[in-house]
Structure formats: structure tokens, C-alpha cells
Amino acid sequence: MGNDLKSGLEAAKDHGRSVLPPEVFTVFEADMARAADETKFAEAGVTVEDFALPGADGETVSLGQLVADGPVVLVFYRGQWCPFCNLTLRTYQQEVVPELAKLGATLAAISPQTADGSLTTQEKNELDFTVLSDVGNVVSRQLGLTFRVSDVVREAMSSIGTDLGQVNGTGEWELVYPAVVVVDRDRTIRYVDVHSDYTTRTEPAAIIEAVKSL
């Protein structure tokens, strides 16, 4: 299963190389190797503060609700404009969500985009799990998952029509590292996997194994 995701992500990377202006792809490729400060990432054993975020359907969902009946897999993604994110979420829908149901666990996706963007993500990818908007990156920042977009990347994104400040509804160019965080019923983190290279993602098998080990 994981090989399907990995090969799909590699294909998306090749597609980007073929359709983006060379100077833009060069900037993005250089950004893939960004050195992340891993010391700030939340670690297993840490308790997550309860939070409440708006869902794609407009209803507010709290962490307490998500873990009321079992552990939750929190998937942090960049936004509906990111092809790597869309591919990953579709794969998780197909390969992870059914297995989590057997284990009494659920999955929820979180991004810094507005609720409209979350709705687009949910509808475009035909997702039946919870999709939440962390506008202002409040939750993501508490988990150490945010970073400021560099000026050169901002210029490159703007040149292809992606205004991150507008997409996120804050005017700020701040992104979240793609990550998977497994939280137990007592809101304790049991598993964390963060990707500074946005073209890679946590394999489905690793997520399922992390939940099985609880």
C-alpha cells in the first residue's frame, strides 16, 4: 500500500517538473531540502491542549470530541492547492480510514486554510473524515509544526497564482510541515512523524502500525 503512495508522490513531483516554469521548480526543489528545527516538534508523551476548530461543514469540532471514543490520527497538511497533500489525503481515505475503523480509531485532517478551502479539499478528494481549519496555525504552532515561507518561495508561489496569505485568510505567509500525530483518548501524543520535505509523507502502514501499538 505504502509503495502506491510513494510512487504517486514521485509521479506528482515529476509532473511538477514538467509543467512549472523551470525557475519556479528550481526554487521549490531547493526548498524541499529545508533544514527543519526538529527540536521544536512535539514529541510522544506530550499532552495536547484541547482545541476546537471549524470543520468543512461549518461545525466546530474539539479534540475532546475526536478522542471521545478512541484515538485519533491528526494529519497536518498544507492546503487544497498542494497536489502532494491531495494525493496523500485520498490515499489515507482509501487505505488508512477503513483499517482505523476496525481499531476503533478515527482520522482528522488539519490545515491553516480557511473553512472554504477545507470544504474544497473534502469535496475534491471525496473524503468522509473530518477536515478542520486551523486559521492562524494556533494548534500547529503549539505542536511546533509551523514555519515562515521564505521570500524566494513566496515570490515563486505568487508567480503561479497561489497567494498563501489570502488562502489562509490571515495575510500571513506561514505554512505547516506535513505531519501525522496520533493522539490517545487522554490527549497524549503516542506517535509523531514530521516531513520537512513536502513531497514525502507518512506511509499508510506506519500509521496503522502506530495505532495498533496503542
Side-chain angles (χ1 to χ4, degrees), residues 4-5 8-9 11-13 15-16 18-20 24-25 28 31-32 51-63 65-66 72-98 100 106-141 143 145-149 153-181 195 197-202 204 207:
D4 292 337
L5 177 58
L9 292 170
K13 190 173 177 180
H15 179 69
S18 68
V19 299
L20 291 174
V24 170
F25 185 82
F28 289 165
D31 192 54
M32 294 172 196
F51 59 74
L53 298 174
D57 59 1
E59 296 294 322
T60 298
V61 179
S62 69
L63 177 59
Q65 289 173 289
L66 292 172
V72 64
V73 175
L74 300 178
V75 178
F76 291 86
Y77 71 104
R78 289 144 49 95
Q80 57 87 16
W81 51 270
C82 170
F84 302 96
C85 298
N86 291 320
L87 173 61
T88 300
L89 293 175
R90 288 195 300 272
T91 301
Y92 289 174
Q93 171 69 61
Q94 297 165 3
E95 300 183 6
V96 178
V97 172
L100 293 182
T106 56
L107 185 147
I110 300 175
S111 78
Q113 66 189 342
T114 63
D116 284 346
S118 294
L119 181 59
T120 299
T121 297
Q122 193 166 52
E123 291 180 339
K124 179 167 65 176
N125 297 298
E126 299 181 338
L127 309 177
D128 62 17
F129 52 78
T130 301
V131 181
L132 302 173
S133 295
D134 182 21
V135 175
N137 275 319
V138 177
V139 175
S140 301
R141 190 176 300 109
L143 297 177
L145 299 176
T146 62
F147 66 94
R148 301 287 301 179
V149 176
V153 172
R154 175 174 177 168
E155 183 177 341
M157 291 181 69
S158 297
S159 73
I160 58 173
T162 301
D163 184 335
L164 196 59
Q166 183 178 42
V167 169
N168 290 349
T170 61
E172 297 294 325
W173 283 67
E174 183 181 47
L175 270 179
V176 59
Y177 289 111
V180 167
V181 180
H195 291 248
D197 179 348
Y198 65 84
T199 69
T200 64
R201 292 295 192 277
T202 308
I207 298 174

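Numbering of residues begins at 1 and proceeds along the displayed sequence. Note that the coordinates shown come from a computational prediction; the quantities given were computed from them, not determined experimentally.
- Among all heavy-atom pairs drawn from Cys82 and Arg78, the shortest one is SG-NE, 3.4 Å.
- In this structure Thr200 satisfies the side chain to side chain donor-acceptor pair (under 3.5 Å) test together with His195, sequence neighbours excluded.
- Taking every heavy atom of both residues into account, Gly55 and Ala115 meet most closely at O-CB, 4.2 Å.
- Between Asp4 and Thr91 the shortest side-chain heavy-atom distance does not fall below 4.5 Å.
- Across every non-hydrogen atom of Val149 and Leu164, the tightest pair is CG2-CD2, 3.7 Å.
- Side chain to side chain, Gln113 and Thr120 fail the donor-acceptor criterion of an N or O pair below 3.5 Å.
- Partner of Val96 under the side-chain contact (heavy atoms from CB on, under 4.5 Å) criterion, out of Leu89, Ile207, Val73, Val75: Ile207 alone.
- Across Val176 and Pro112, no two heavy atoms sit closer than the pair CG1-CD, 3.8 Å.
- Pro204 is listed as a side-chain neighbour of Leu5, based on a closest heavy-atom distance under 4.5 Å.
- Heavy atoms of other residues, nucleotides or ligands lying less than 6.0 angstrom from CD of Gln65 number more than 12.
- Residues passing the side chain to side chain contact (heavy atoms under 4.5 Å, CB included) test with Thr106, sequence neighbours excluded: Val72.
- A search for side chain to side chain donor-acceptor pair (under 3.5 Å) contacts involving Ser118 returns Ser133, not counting sequence neighbours.
- By the 4.5 Å heavy-atom criterion applied to side chains, Tyr77 and Thr121 are counted as neighbours.
- Side-chain contact between Leu74 and Val139 is absent, with no heavy atoms from C-beta onward closer than 4.5 Å.
- For the side chain to side chain donor-acceptor pair (under 3.5 Å) test, residues two or more places apart in sequence or in another chain that qualify with Asn86 are Asn125.
- Side-chain atoms of Val153 and Leu175, non-hydrogen and from C-beta on, never get closer than 4.5 Å to each other.
- Not counting sequence neighbours, the partners of Ala156 by the side chain to side chain contact (heavy atoms under 4.5 Å, CB included) test are Val24, Val27, Phe28.
- By the side chain to side chain donor-acceptor pair (under 3.5 Å) test, Asp134 is found to be paired with Ser140, residues two or more places apart in sequence or in another chain being considered.
- By the side chain to side chain contact (heavy atoms under 4.5 Å, CB included) test, Ala52 pairs with Thr60, Ser62, sequence neighbours left out.
- Thr199 is linked by a side chain to side chain contact (heavy atoms under 4.5 Å, CB included) to Lys13, Met32, Phe84, Asp197, counting only residues two or more places apart in sequence or in another chain.
- The CH2 atom of Trp81 sits 8.0 Å away from atom CG of Asn168, with the distance rounded to the nearest 0.5 Å.
- Between Tyr177 and Phe76, the distance from one ring center to the other does not fall under 6.0 angstrom.
- Here the CZ atom belonging to Phe51 is positioned 4.0 Å from the CD1 atom belonging to Ile110, to the nearest 0.5 angstrom.
- Residue pairs meeting the salt bridge (charged side-chain N to carboxylate O under 4.0 Å, His left out) criterion with at least one member in residues 106-130: none, sequence neighbours excluded.
- Within the structure, the salt bridge (charged side-chain N to carboxylate O under 4.0 Å, His left out) test picks out the following pairs touching residues 158-181 (sequence neighbours left out): Arg141-Glu174, Arg148-Glu172.
- A donor-acceptor pair under 3.5 Å is formed between the side chain of Asp57 and the backbone N or O of Glu59.
- Side-chain contact between Tyr92 and Leu127 is absent, with no heavy-atom pair separated by less than 4.5 Å.
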